[in-house]
Structures are given as C-alpha cells and as structure tokens.
Amino acid sequence: MHKVVRSLVVSLAVAASVATSAGVASAATWSSSDKWATWSEGGYTIRNDVWGSGAGPQSIWANSHSNFGVWSDQPNTGGVKSYPHSAKNVGRQLSSLSKVSSSFNVTRPGSGAYETAYDIWANNNAYETMLWMNKQGAVGPLGTKQTTATVGGHTWDVYKGSNGSNAVFSFVRTSNTNAGTVDVLAVLNWIKARGWFGDVTLGEVQFGFEITSSSGGLNFTTNSYSVTSS
C-alpha cells in the first residue's frame, strides 16, 4: 500500500477508535467534568464525586439515573480518589419497610484499582454500609473481618470498622459479579440483628465505582441500576 494512503487509513482508524470510546459521553443526555457535578432524574441524584486527595480528571455522563458512567484518570498513588454514583433516598425507618431491593448491571475495566459498590447510609450518615459487588487491583475494606455470611442473595466476607466520622460495615462479595439483584433490607436487618445498630432511618442507597487508580484513563459504565422500596 502507498505510504500516504496507508498513513491516512491508520489515522482514520485511530480517529474512529477515539470517536467510539468518547461516543457514549458525547451523545449522553447530561455530562460534566466538574468534580462536584450533580444531575437529578427520576427521583435519583447522580454525582461525579471526585473527593480524594491528589485526584486526577474525571468526566461523568448520564442518559438516566439507571444508565451512567465515567472516564476517569486517577494516579496510582493509593487512597480513594472518587466515587461516581447514582443515589436514591429512601428516608424511612427499617421497621416501617417491607422491601428494599436493588438491581444493577455494569461494564468495568480489567485494570486499575477500584470496586463496584453500594454505599448505603443511615441515621443522618452515622452508619455506612458498603456492598462490594466486585473489586479489581489493590483495594480492601476498612476494619476487621467479623464473619462470612450469606444474606441478601449473596455470600460476603463481612468487615466492621470506622473511618473516624462514622461506623462502616463492609460486605465484600466472595466472588466478583457484574450484574445481579440485592435484597438490601435483608442485609440491613442482619446488621440490626447483630446489635451493630438499632431501628435506624435508611437514607440514601448509592451505587457506583469507588476508584483508587485508573492511570491513563479508564471507562466505567453502569448499564442499569434501580432501587425499589415499600
């Protein structure tokens, strides 16, 4: 092939690749590169939430509360840099609830350091319950391991600790999954039954990616996410 023609073909191929990787974000209903960007839709709030020390650039996009993602370029320096997520506020006491269930489906990178996780808050953020659905790279939960339990439709290694501001209960799934349904109320009632908290008021049920490193830029996509409560 002629050198000039070949160069043109290669250039077009690279351009097509870039267009494809950026296409989701550019075609999205909403997008932002502001680290504190928020967008509300359908009773949910989506947040870019770039909060960690030494964080790099991150761009968030969303077509709905259920379908969102980020391109994130976080340095490999340890410590959480961001938690892009979608959140649904429940605002009811556990004893008044008969159901809190959530389903999710994600597409995630095979490199970097992060987990795909629920962050569930109670009693005005006095209690934090994390449900790690998958993890990649050098990441681990706060606190010490208490037990292994099967609850809410999954088997978890359960950790209990504190971040200095609130109690943290981390349920780390014993094997990675990119899609599923979680009985959130069953998990919270399990914690209550152990005496770790009482009849708390459930606040936000958040779901997203807690990113420690994604050097060079990686794409994280939530294909679907929903919370139902009654």
Residue pair S102 / Y118, side-chain donor-acceptor N/O under 3.5 Å: yes
Whether H154 and W156 hold their rings parallel, tilted or perpendicular, with breakpoints at 30° and 60°: tilted
Side-chain donor-acceptor pair present, T144, Q146, cut-off under 3.5 Å: yes
Side-chain heavy-atom pair M130, F171 within 4.5 angstrom cut-off: no
Interatomic distance, K135 atom NZ to S175 atom OG [nearest 0.5 angstrom]: 10.0 Å
Same apolar cluster (I L V M F W Y, side chains within < 4.5 Å links), V80/W121: no
side-chain contact (heavy atoms from CB on, under 4.5 Å), paired with I46, selected from W61, Y225, F68: F68
Note, D183 side chain near S101 side chain (heavy atom, < 4.5 Å): no
Donor-acceptor contact below 3.5 Å, side chain D73 vs main chain L218: no
Single-linkage hydrophobic cluster, 4.5 Å side-chain cutoff, V187 and W132 together: no
Non-hydrogen atoms of A37 and I60 that approach each other most closely: CB-CG2, 4.5 Å
Heavy-atom donor-acceptor pair, S64 side chain to N67 backbone, under 3.5 Å: yes
Backbone N/O of A28 and side chain of S31: donor-acceptor pair under 3.5 Å: no
Test item: K99 side-chain N/O and L97 main-chain N/O as donor-acceptor pair under 3.5 Å: no
Side-chain H-bond candidate by donor/acceptor type, T107 with N223, under 3.5 Å: yes
Side-chain touch D119/E204, heavy atoms, less than 4.5 angstrom: no
Within 6.0 Å of NZ in K192, more than 12 heavy atoms from elsewhere: yes
Heavy-atom closest pair, residues W39 and H65: CZ3-N, 4.4 Å
Heavy-atom side-chain contact between V70 and N219 under 4.5 Å: no
Under 3.5 Å donor-acceptor, N48 side chain and P84 backbone: no
N/O donor-acceptor pair under 3.5 Å between T150 side chain and T155 backbone: no
Same apolar cluster (I L V M F W Y, side chains within < 4.5 Å links), V184/V168: no
Full working for side-chain contact (heavy atoms from CB on, under 4.5 Å) between S230 and S98: CA-CA 6 Å; S230 60; S98 60; 3.3 Å; yes
Main-chain N/O of A149 paired with T147 side-chain donor or acceptor, under 3.5 Å: no
Chi angles and distances behind the side-chain contact (heavy atoms from CB on, under 4.5 Å) call for V182, L131: CA-CA 9 Å; V182 183; L131 310 179; 3.8 Å; yes
Separation between CE of M133 and OG1 of T177, rounded to the nearest 0.5 Å: 6.5 Å
hydrophobic_cluster_shared for F169 and V158, side chain cutoff 4.5 Å: yes
Steps toward salt bridge (Lys or Arg N to Asp or Glu O under 4.0 Å) verdict (E115, R173): CA-CA 11 Å; E115 76 271 0; R173 201 175 188 277; over 6 Å; no
Row check, Y44 ring normal vs K88 NZ/CZ: under 6.0 Å, within 45°: yes
Path from Y83 to Y127 over hydrophobic side-chain contacts below 4.5 Å: no
Closest contact, heavy atoms only, V139 versus A113: CG1-C, 3.9 Å
Minimal non-hydrogen separation, W36 against D34, with atom names: N-OD1, 2.7 Å
Donor-acceptor under 3.5 Å (N163 side chain, N166 main chain): yes
N134/N176 under side-chain hydrogen bond (donor to acceptor under 3.5 Å, both in side chains): CA gap, chis, key distance, verdict: CA-CA 4 Å; N134 59 59; N176 285 342; 5.8 Å; no
Heavy-atom check, side chain of S214 versus side chain of W71, under 4.5 Å: no
E128 CD to Q206 CD distance, which is reported to the nearest 0.5 Å: 8.5 Å
Polar side chain donor-acceptor pair, S103 to T181, under 3.5 angstrom: yes
Donor-acceptor pair between N105 and S224 side chains, under 3.5 angstrom: no
Validation row: L188, F197 side chains within 4.5 angstrom (heavy atoms): yes
Pair R108-Y114, side-chain donor/acceptor within less than 3.5 Å: yes
From N89 atom CG to L202 atom CG, the distance as rounded to the nearest 0.5 Å: 8.0 Å
Shortest non-hydrogen contact between Y159 and L142, atoms and distance: CB-O, 3.5 Å
Sub-4.5 Å side-chain heavy-atom contact between S72 and K81: no
Any donor-acceptor N or O pair under 3.5 Å, side chains Q58, S82: yes
Nearest heavy-atom neighbours spanning Q136 and G110: NE2-O, 3.2 Å
Donor-acceptor side-chain pairing of S95 and D199 below 3.5 angstrom: yes
